[in-house]
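Throughout, protein chains are lettered first and strands after them, A, B, ... in sequence-line order, and every chain is numbered starting at 1. If you're wondering where the values come from, they're calculated on a predicted model, not measured in any experiment.
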Amino acid sequence: MANRITPRSQDQNQWYLDVIREAQLADYGPVRGTMVIRPYGFAIWERIKESLDEKFKATGHSNAYFPMLIPMSFLEKEKEHVEGFSPELAVVTIGGGKELEEPLVVRPTSETIINHMFAKWIQSYRDLPLLINQWANVVRWELRTKPFLRTLEFLWQEGHTAHATPEEAEEETLRMLDVYATFAHEVAAVPVVQGVKTEREKFAGAVRSYTIEALLADGKALQSGTSHNLGQNFAKAFETQFLNEDNELEHPWQTSWGLSTRFVGAVIMTHGDDKGLRLPPRLAPIQLVVVPIWRNDDQRDLVLTAANEIAEELGAAAGGPGLRVHVDDRQQRPGFKFNEWEMRGVPLRLEVGPRDVASGSVVLARRDTGDKATIERADLAAEASRLLEEIQEGLLAQALAFREANTRPALDRDSFQAALDQGGFVRVHWDGSSEDEASIQAETGATVRCLPFQTDEESGVCFYTGRATQTIALFAKAY
RNA sequence: CGGGGCGUGGCGCAGCCAGGCAGCGCGUGGCGUUUGGGACGCCGAGGUCGGAGGUUCAAAUCCUCUCGCCCCGACCA
């Protein structure tokens with residue numbers, strides 16, 4: 001059987017598309033740029049949802065749902081917002097066979113309709129903070145698409161909050177950015193750089209945008225999640241006001257923050273290898289797959305009984321929530337199953353055959369390194385948990401090492417170009433303007449991904465303007 | 001929108017240049033042998049060749065028009 005996955009070294013892009021097809025994560029929809037998320041791909045998204053949703057609720061947010069159709073006039077209320085989004089809007093002009101009086105926008109994001117409602121719900125400082133999250137689909141008519149990383153329609157969550165003071169809003173913005181960064185590192189094992197967007201790169205309508213930027217294996221950066229301080233921009237546009245403790249009318253300070261199915265693409269790109277997907281255990285829908293091995297019906301009964309017992313034990317492992325285990329009892333040969341589950345990135349494979357049942361042991365194989373070992377049944381639960389932790393840490397360490405190896409400094413325009421040509425982040429001192437950013441993008445294709453949060457001050461000279469500055473910027477070509 | 005590529009059983013493709021029985025691999029159904037790294041054999045099912053028009057005795061193949069998709073750029077989570 002020929003290898004169905006193009007090696008990464010040969011063609012990174014083809015590899016990515018092959019993995020999505022072979023791991024059955026997604027398929028193309030009938031409309032250009034749309035994607036069907038298949039059950040296994042959706043299971044990964046569901047893991048992302050579960051993990052984030054828990055964190056949102058722990059930080060006081062409630063889920064709600066707002067309509068997908070938004071009056072065009074809403075978008076037009078905030079000037080920067082409409083300018084930013086109008087080129088990529090899908091607009092409904094006919095409903096029930098009749099031309100609509102006002103065109104309806106299929107939401108590209110929900111700040112406008114949510115503010116329309118917030119204006120009704122917020123009257124007093126006692127109504128604040130208002131902390132809402134929505135799980136939804138949005139549509140942006142992108143010119144160039146790629147499964148998960150950029151599709152016309154995508155799934156995401158968008159948090160929308162309103163606060164009585166600008167300090168509270170800023171605190172919320174940073175809190176949620178940290179939630180994203182923690183999730184990326186601890187669950188998805190995707191290292192991200194936290195930082196602030198430049199004026200040129202910020203969200204249309206925001207005062208300030210923060211981002212978590214990942215570096216994908218092809219050397220391009222990916223904005224993997226964003227958190228915006230909206231100031232009073234939308235509150236003013238939608239006349240959202242509250243009476244403060246001094247009985248004065250004020251506009252609330254707002255935030256919005258989002259993370260999308262794009263993140264699934266980041267996971268694929270960050271951890272995959274030539275055999276396919278490698279999923280970090282905390283994110284994996286299936287953490288351990290049991291492949292029973294038999295030669296005849298008697299053995300089949302024996303081995304399947306053992307396999308199911310093992311699955312039950314691990315699924316209810318004492319002292320923890322249990323592992324996510326799947327028994328693959330399909331009528332396929334073991335080798336077929338081994339390959340399939342490797343393509344799909346399941347972190348641990350457990351083989352159990354007649355020999356193992358007789359000896360009271362099993363074979364455990366890890367996806368990340370390919371190592372196989374025979375384990376006593378009695379030690380299985382502990383060993384599986386230990387290996388999963390090790391794999392989780394290992395994947396993060398590998399990804400971090402890759403990012404470090406592909407983050408290069410540059411002191412001037414020549415070394416900037418040279419660093420950029422190698423792919424990855426280029427770390428520079430930066431004191432340029434939006435116009436400078438535009439020039440650099442036109443000349444090199446690179447953009448400022450973010451101004452990373454800094455713990456130490458680093459004096460230096462802007463690589464582009466030559467002016468002294470302490471600001472650091474990460475440049476890269478981006479998705 | 002510019003550049004490139006491609007539309008032929010479910011999927012991947014050959015056939016087109018040079019018109020003449022619609023093929024191959026994978027998958028798929030049945031039976032048998034198999035099963036610790038993508039099994040093999042035998043039998044079978046499955047295609048208005050993207051669409052429309054034209055040339056011709058004859059079109060997947062030549063001509064015209066058209067629709068769509070993929071990839072690479074500009075724009076973007």
Rounded to whole Å, please give me the gap between CG in Leu152(A) and C1' in C70(B). 14 Å
Rounded off to whole Å, could you give me the CZ-to-P distance for the Arg21(A) and C69(B) pair? 20 Å
Checking all strands, does Gln441(A) fall into the base, sugar-phosphate, or nothing category for heavy-atom contacts under 4.0 angstrom? sugar-phosphate
Rounded to whole Å, the CZ-P distance (Arg150(A) to C70(B)) equals 14 Å
Taking the six-membered ring for Trp, are the ring centroids of Phe416(A) and Phe475(A) within less than 6.0 Å of each other? yes
Base, sugar-phosphate or nothing for Glu351(A)? Non-hydrogen atoms, less than 4.0 Å. base
Look at Asn296(A) and U35(B) and indicate whether a side-chain polar atom (N or O) is within less than 4.0 Å of OP1 or OP2. no
Rounded off to whole Å, could you give me the CG-to-P distance for the Asp274(A) and G38(B) pair? 19 Å
Base, sugar-phosphate or nothing for Gly258(A)? Non-hydrogen atoms, less than 4.0 Å. nothing
Determine whether the aromatic ring centres of Trp257(A) and Phe56(A) lie less than 6.0 Å apart. yes
Nearest-angstrom distance, P atom, C43(B) to G50(B): 31 Å
Using the side-chain heavy atoms of Arg144(A), tell me which of these nucleotides is nearest: G38(B), G36(B), C75(B). C75(B)
Is it true that Phe118(A) and Phe234(A) have ring centroids separated by less than 6.0 Å? no
Nearest-neighbour nucleotide for the Asn339(A) side chain, G36(B), C76(B), G38(B) considered: G38(B)
Interatomic distance at C1', C17(B) relative to A59(B), whole Å: 15 Å
Euclidean distance for P, U33(B) against C26(B) (whole angstrom): 23 Å
Checking Asn115(A) against Glu78(A) for the side chain to side chain contact (heavy atoms under 4.5 Å, CB included) test, could you report, in this order, the C-alpha distance in whole Å, the side-chain angles of both residues, the deciding distance, and whether it holds? CA-CA 11 Å; Asn115(A) 267 275; Glu78(A) 214 289 335; over 6 Å; no
Heavy-atom donor-acceptor pair, Arg349(A) side-chain to G37(B) base, under 3.5 Å: yes
Starting from the 5' end of RNA chain B, give me the residue, Pro334(A) or Glu142(A), whose nearest nucleotide shows up first. Pro334(A)
Find which nucleotide of RNA chain B each of Gly33(A) and Gly335(A) is nearest to by heavy atoms, and output the residue with the more 5' nucleotide. Gly335(A)
If you measure from the P atom in G15(B) to the same atom in C24(B), how many Å do you get, rounded? 15 Å
Short N-O contact, Lys337(A) and Glu340(A), less than 4.0 angstrom: no
Kindly indicate whether a cation-pi arrangement holds for Arg344(A) with Tyr40(A), taking the cut-offs as under 6.0 Å to the six-membered ring centre and within 45° of the axis. yes
Given C76(B), G36(B), C71(B), which nucleotide is nearest the side-chain atoms of Tyr28(A)? C71(B)
Identify whether any heavy atom of Lys372(A) sits under 4.0 Å from a base atom; if not, whether one sits that close to sugar-phosphate; answer base, sugar-phosphate or nothing. base
Checking His228(A), Lys202(A), Gln223(A), Glu201(A) against Ser209(A) for side-chain hydrogen bond (donor to acceptor under 3.5 Å, both in side chains), the one that qualifies is His228(A)
Integer angstrom distance from the P of C49(B) to that of C21(B): 15 Å
Picking from G36(B), C71(B), C69(B), which would you name as closest to the side chain of Arg355(A)? G36(B)
Checking all strands, does Val363(A) fall into the base, sugar-phosphate, or nothing category for heavy-atom contacts under 4.0 angstrom? base
Looking at every strand, decide which applies to Thr151(A) at a 4.0 Å heavy-atom threshold: base, sugar-phosphate, or nothing. base
For atom NZ of Lys146(A) and atom P of C75(B), their distance in whole Å: 17 Å
When we call it a touch if two heavy atoms are under 4.0 Å apart, what does Asp356(A) touch: a base, just sugar-phosphate, or nothing? base
If I pick the C1' atom on A39(B) and the same atom on A45(B), what distance separates them, to the nearest angstrom? 22 Å
To the nearest Å, give me how far apart CG (Asp27(A)) and P (C11(B)) are. 9 Å
Describe the nucleic acid contact of Ser260(A) in one word from base, sugar-phosphate, nothing, applying a heavy-atom distance below 4.0 Å. base
Distance check needed: G37(B) C1' versus Arg344(A) CZ, whole Å only. 18 Å
Aromatic rings Phe453(A) and Tyr210(A): how do their planes relate, parallel, tilted or perpendicular, breaks at 30° and 60°? perpendicular
Have a look at Glu88(A) and say if it touches a base, only the backbone sugar-phosphate, or nothing, with a 4.0 Å heavy-atom cut-off. sugar-phosphate
C62(B) versus A18(B) - spacing of their C1' atoms, nearest Å: 11 Å
Among C71(B), G36(B), C69(B), the nucleotide that comes nearest once only the side chain of Leu17(A) is considered: C71(B)
Side-chain H-bond candidate by donor/acceptor type, Glu312(A) with Asn308(A), under 3.5 Å: no
Regarding Glu342(A), tell me which of base, sugar-phosphate or nothing describes its non-hydrogen contacts under 4.0 Å with the strands shown. base
Give RNA chain B the dot-bracket treatment, 5' to 3': Watson-Crick (N1-N3 with N6-O4 or O6-N4) or G-U (N1-O2, O6-N3) under 3.5 Å, [ ] crossing, | other strand. ((((((((.[[[[.)....(..]]]].((((((.....)))))).....[[[[[..)....]]]]])))))))....
Taking atom C1' in both G38(B) and C42(B), what distance in whole Å separates the two? 22 Å
Would you classify Arg295(A) as touching base, sugar-phosphate or nothing, given that sugar-phosphate means primed atoms plus P, OP1 and OP2, and contacts are heavy atoms under 4.0 Å? base
Can you pull out every side chain to side chain donor-acceptor pair (under 3.5 Å) where at least one residue sits in residues 141-159 of chain A? Sequence neighbours excluded, please. Asn13(A)-Lys146(A), Ser110(A)-Glu158(A), Asn133(A)-Gln157(A), Gln134(A)-Glu158(A), Asn137(A)-Glu153(A), Lys146(A)-Tyr479(A), Trp156(A)-Glu158(A), Gln157(A)-Tyr180(A), Glu158(A)-His160(A)
Any idea which of C69(B), C76(B), G36(B) is nearest the Arg333(A) side chain? G36(B)
When rounded to whole Å, the CG to C1' distance for the pair Leu143(A) and C70(B) reads 16 Å
